[in-house]
Amino acid sequence: MGDGTENTITGGTYLGPVVQAREVHVHRPAVRVPRLLGPAPEVFVDRVPVFAALAAAERADRSAPLVVMVTGLPGMGKTATALRWLHQLGAHFPGGHLQGDMSPQGPLRPRDPAAVLEGFIAHLSGRQVRGGERPADVEGLAAHYRSLTADAPALVFLDNVVNAGQVRLLLPGHPGSVVVVTSRFPLTGLRASHPRTVTVALDALDAAAGAELFHAVTGRPDALDRPVLENVLRACAGLPLAVRIAGARVGELLETGEDPGGLARELTDRRTRLEALTVPDDLSVAQVFDAVHAGLPEGAAALCRALGAHPTPEFSRDLVRWVAREEGDVRTLVRERLLEPAGEGRLRMHGLVHDHARAVGGGAGDPGLLDRYAEWYLERAAAAEVRTSGRWRYGPLFAPRHAGRLREVFGGADGALDALEADRANTVAVVELAHDEGRHAAVWQLCEALHGFFFRRKYHTDWAAVCRLGLASAEREGDPVAVARMHFELAFARADRGGAQADADAREHYGRALEVATGIGHARTVSSALEGLGLLELRAGRAGAAAGHFRRAVAALDGIDHPRGRALLTFHLGRADSADRRHEEAAAALLRARDLFAALPDPFNEAKSLWHYARARLLADRPDEALAPLDEAAALMHTCGAPKEEADVLLLRGDVLSAAGRAHEADTDWRAALALYERVASPEGTKAARARLTDDPD
């Protein structure tokens with residue numbers, strides 16, 4: 001019943017009501033709701049009064065979500081108790097089961113609740129929601145989250161909370177919801193703002209419960225003679241984590257036919273690393289983990305210490321293998337329960353085990369290990385970037401000689417992005433630690449390499465944080481090209497976020513990128529910064545100013561081999577001409593951009609060029625010239641794995657078909673667009689498609 005539980009995603013579907021009237025059946029579309037709770041502990045003892053108190057609180061009438069705070073010493077079973085109760089409640093909460101670790105790097109680095117909000121919203125509404133369709137500020141994110149959780153009671157588990165502010169923004173909208181918080185801290189502010197918060201303090205196990213837990217872990221009721229068992233349990237002082245460790249080691253010895261008496265004596269011997277467990281009512285968790293660490297083979301112990309230098313306690317299994325001397329060391333740590341499975345391809349140390357490993361390894365700032373971790377995450381980020389984008393990058397890892405190796409890291413773009421998704425928190429943590437420890441070249445290179453991932457997955461809080469660190473590190477490195485590129489990266493991230501303040505930030509940093517790049521004569525960055533400024537002008541409705549920036553960006557590329565950049569700028573100029581109602585110029589530019597993208601090849605932007613060309617022809621009152629390019633755009637976009645953009649094409653093609661009197665074909669396109677919009681939870685697209693289907697007889 002230790003705190004070493006994991007966040008795992010199990011999925012789930014909540015089906016809305018079905019209405020039947022004679023021969024007419026109306027089915028509400030299935031809405032996928034997240035089931036993110038980690039597994040309930042297989043072995044659990046005692047806590048009967050705790051569960052009685054929790055049940056009474058849950059049954060009480062209330063007009064707001066119930067907040068339950070579980071407190072206790074590290075290793076006292078806060079997470080296990082919370083998960084045990086939440087799984088008992090699960091069937092009665094169809095609004096979703098959410099879980100977030102609020103301090104994965106420890107209490108000194110509490111997690112930004114805005115980043116957790118973005119993750120929850122992604123799970124509630126679909127990962128592929130476009131950034132422009134999400135609120136731009138944290139208050140808007142919180143309101144959107146409450147809206148998504150307003151229709152049905154939800155369970156929310158916030159583990160390892162550091163301060164009350166982390167909780168307030170994550171309270172769901174339905175008053176029947178339950179929020180369970182675990183924390184080492186009193187969170188007085190939470191009780192002040194939510195007076196009906198129920199606080200449950202976990203105390204030490206009594207002797208009977210300790211013995212039950214010990215026997216359950218060993219699988220043997222006769223594992224130790226009674227006097228020996230009593231001594232072991234006394235040494236463990238009722239701390240569930242210590243009892244579990246002792247039981248696991250004894251059970252392993254029994255499985256191999258060895259005498260567990262030696263371990264039992266070690267557990268109670270003051271001369272051993274676990275001697276503190278013999279001090280009545282004064283348990284030292286660190287000494288418990290010292291004893292476990294001292295009993296490991298050298299290779300496994302070295303791996304344990306190395307993982308302690310990682311900034312978070314959960315890792316890709318590939319990373320653990322990469323650090324380990326041999327696979328047997330990984331199996332040893334899993335057997336000793338210092339590493340636990342944490343979902344497919346993931347391993348996790350309990351937070352206290354990780355703290356201990358870091359301490360015995362000499363601290364988290366081990367320069368050699370930090371360099372190795374930064375190298376591993378940088379290579380994966382660069383590999384994903386190569387798979388997802390043809391953009392130019394400055395970092396040395398993107399030199400042509402590395403391209404073949406990088407493309408072999410992942411099998412495709414989707415797999416690359418999913419792998420980075422699983423390691424998003426870790427990668428951000430490595431960036432932060434590398435910055436703090438002065439590994440500045442690694443920081444700005446990681447920032448650049450993460451561009452494609454953040455652009456596709458829209459985690460804007462993390463994106464901006466990484467870019468700010470990248471800029472600070474580039475400035476400390478004194479590399480002016482890196483400084484210009486980091487201003488550009490931060491500007492791009494803020495522009496993608498959208499909103500008045502974000503656009504103002506983007507304009508400032510595009511301007512700084514332009515200033516620095518002009519001063520050193522770095523034409524690519526001059527062009528990129530002008531392109532960004534032009535896109536901001538286009539968004540603001542100033543098409544003429546936008547076109548001026550785009551033309552300057554084209555001129556900056558004079559003499560540089562950059563076909564993708566030229567294609568993008570041609571595309572942007574076509575959009576600007578269309579917005580300025582320069583119809584023929586727009587048509588020519590967009591068709592030229594289409595040809596340039598086809599030559600790269602870049603089917604996604606080729607399809608976008610055709611779509612914008614069709615829109616331009618409609619604005620020019622030439623609908624007869626819009627259908628053929630839309631047919632081609634739809635076929636191309638269908639191969640790109642971009643459902644939102646594919647829906648945009650189908651919606652417009654349906655409009656053209658409807659205007660041409662081809663109602664049945666228009667209806668087919670609109671229905672297909674609606675399905676795609678619903679798949680990615682696009683509220684604007686869904687509304688538009690449904691409006692067109694209002695008069696449909698079905």
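- Atoms CD and CG, on Q166 and L187 in that order, are 8.5 Å from each other to the nearest 0.5 Å.
- Partners of D371 by salt bridge (charged side-chain N to carboxylate O under 4.0 Å, His left out), not counting sequence neighbours, listed by chain and number: R439.
- The two residues C304 and A357 have their closest heavy-atom pair at O-CB, 3.3 Å.
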Just do the side chain to side chain contact (heavy atoms under 4.5 Å, CB included) check on Y459 and V428 with the steps written out, would you? CA-CA 11 Å; Y459 291 110; V428 173; over 6 Å; no

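- Ion pairing of D418 with R457 is present here, as a side-chain N (NZ or NE/NH1/NH2) and a carboxylate O approach within less than 4.0 Å.
- With 3.5 Å as the limit, one finds no donor-acceptor pair spanning the side chains of S316 and D423.
- Evaluation of the side chain to side chain donor-acceptor pair (under 3.5 Å) test over residues 398-409, restricted to residues two or more places apart or in two chains, returns E379-R405, H402-R405.
- Atoms CG and CZ, from D159 and R111 in turn, are 12.0 Å apart once rounded to the nearest 0.5 Å.
- A cation-pi geometry, defined here as NZ or CZ lying under 6.0 Å from the six-membered ring centre and within 45° of its normal, holds between K458 and F455.
- Among T312, L307, V320, the single residue meeting the side-chain contact (heavy atoms from CB on, under 4.5 Å) criterion with M349 is L307.
- The heavy-atom pair separating Y394 from A482 by the smallest distance is CE2-N, 3.8 Å.
- Between the CZ atom in F157 and the CG atom in L98 there is a gap of 12.5 Å [rounded to 0.5 Å].
- H144 places no side-chain N or O within donor-acceptor distance of the main-chain N or O of L117, the cut-off being under 3.5 Å.
- Side-chain atoms of S193 and R168 include a donor-acceptor pair closer than 3.5 Å.
- A495 is linked by a side chain to side chain contact (heavy atoms under 4.5 Å, CB included) to A506, Y510, L536, counting only residues two or more places apart in sequence or in another chain.
- For H509, the ring pair (Phe, Tyr, Trp, His ring centres under 6.0 Å) criterion is met by H487, not counting sequence neighbours.
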Audit row: F185, V161, side chain to side chain contact (heavy atoms under 4.5 Å, CB included) steps and yes/no: CA-CA 8 Å; F185 308 103; V161 170; over 6 Å; no

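- The number of heavy-atom neighbours closer than 6.0 Å to CD of E344, taken from other residues, nucleotides and ligands shown, is 12 or below.
- With sequence neighbours left out, I520 forms a side chain to side chain contact (heavy atoms under 4.5 Å, CB included) with P480, V481, H522.
- Here the side chain of Q445 pairs a donor or acceptor atom with the backbone of A441 at under 3.5 angstrom.
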Side-chain donor-acceptor pairs under 3.5 Å in residues 463-478, sequence neighbours left out?
{"unit_1": "S473", "atom_1": "OG", "unit_2": "H440", "atom_2": "ND1", "d": "2.8"}
{"unit_1": "S473", "atom_1": "OG", "unit_2": "L469", "atom_2": "O", "d": "3.3"}

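- Closest of all the heavy-atom pairs between G511 and L533 is N-CD2, 4.5 Å.
- Checking side-chain atoms of S528 against main-chain N and O of R524 turns up a donor-acceptor pair under 3.5 Å.
- Within the structure, salt bridge (charged side-chain N to carboxylate O under 4.0 Å, His left out) pairs that include any residue of residues 501-513 comprise R494-D505, D503-R539, R507-E537, R512-E515 (at least two apart or interchain).
- With salt bridges taken as basic N to acidic carboxylate O contacts below 4.0 Å, one links R497 and E118.
- For the atom pair CD of E645 and CG of N605, the computed distance is 10.0 Å after rounding to the nearest 0.5 Å.
- How far CG of D329 is from CG of L339: 11.0 Å, rounded to the nearest 0.5 Å.
- Taking the side chain as every heavy atom from C-beta outward, H549 and L538 never approach each other to under 4.5 Å.
- R485 places none of its side-chain heavy atoms less than 4.5 Å from the side chain of W444.
- Looking at heavy atoms from C-beta onward, Y373 lies in side-chain contact with V323 at the 4.5 angstrom threshold.
- Contact annotation: the side chain of D496 approaches that of H460 to within less than 4.5 Å [non-hydrogen atoms, C-beta and beyond].
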Stepwise, does the side chain to side chain contact (heavy atoms under 4.5 Å, CB included) test hold for L303 with T332? CA-CA 10 Å; L303 174 59; T332 297; over 6 Å; no

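- Partners of T149 by side chain to side chain contact (heavy atoms under 4.5 Å, CB included), not counting sequence neighbours, listed by chain and number: L124, Y145, P172.
- At least one side-chain heavy atom of L514 sits less than 4.5 Å from a side-chain heavy atom of V526.
- Residues satisfying the salt bridge (charged side-chain N to carboxylate O under 4.0 Å, His left out) criterion with R566, sequence neighbours excluded, are absent altogether.
- No side-chain heavy atom of P104 sits less than 4.5 Å from a side-chain heavy atom of E314.
- In this structure the side chain of L296 reaches within 4.5 angstrom of the side chain of L333, judged on heavy atoms.
- In this view, A302 and E298, R305, R325 satisfy the side chain to side chain contact (heavy atoms under 4.5 Å, CB included) rule, not counting sequence neighbours.
- Closest of all the heavy-atom pairs between L347 and V330 is CD1-CG1, 4.0 Å.
- Atom-to-atom distance recorded for L370:CG and E375:CD is 11.5 Å, nearest 0.5 angstrom.
- Residues V179 and L158 form a side-chain contact, since some pair of their non-hydrogen atoms from C-beta on lies under 4.5 Å apart.
- The two residues A416 and F410 come nearest to each other via the heavy atoms CB-CD1, 3.5 Å.
- With sequence neighbours left out, the salt bridge (charged side-chain N to carboxylate O under 4.0 Å, His left out) criterion links R393 to E385.
- Between N160 and S103, the closest heavy-atom pair is O-OG, 2.7 Å.
- In this structure, the salt bridge (charged side-chain N to carboxylate O under 4.0 Å, His left out) partners of E489, at least two apart in sequence or on a different chain, are R391.
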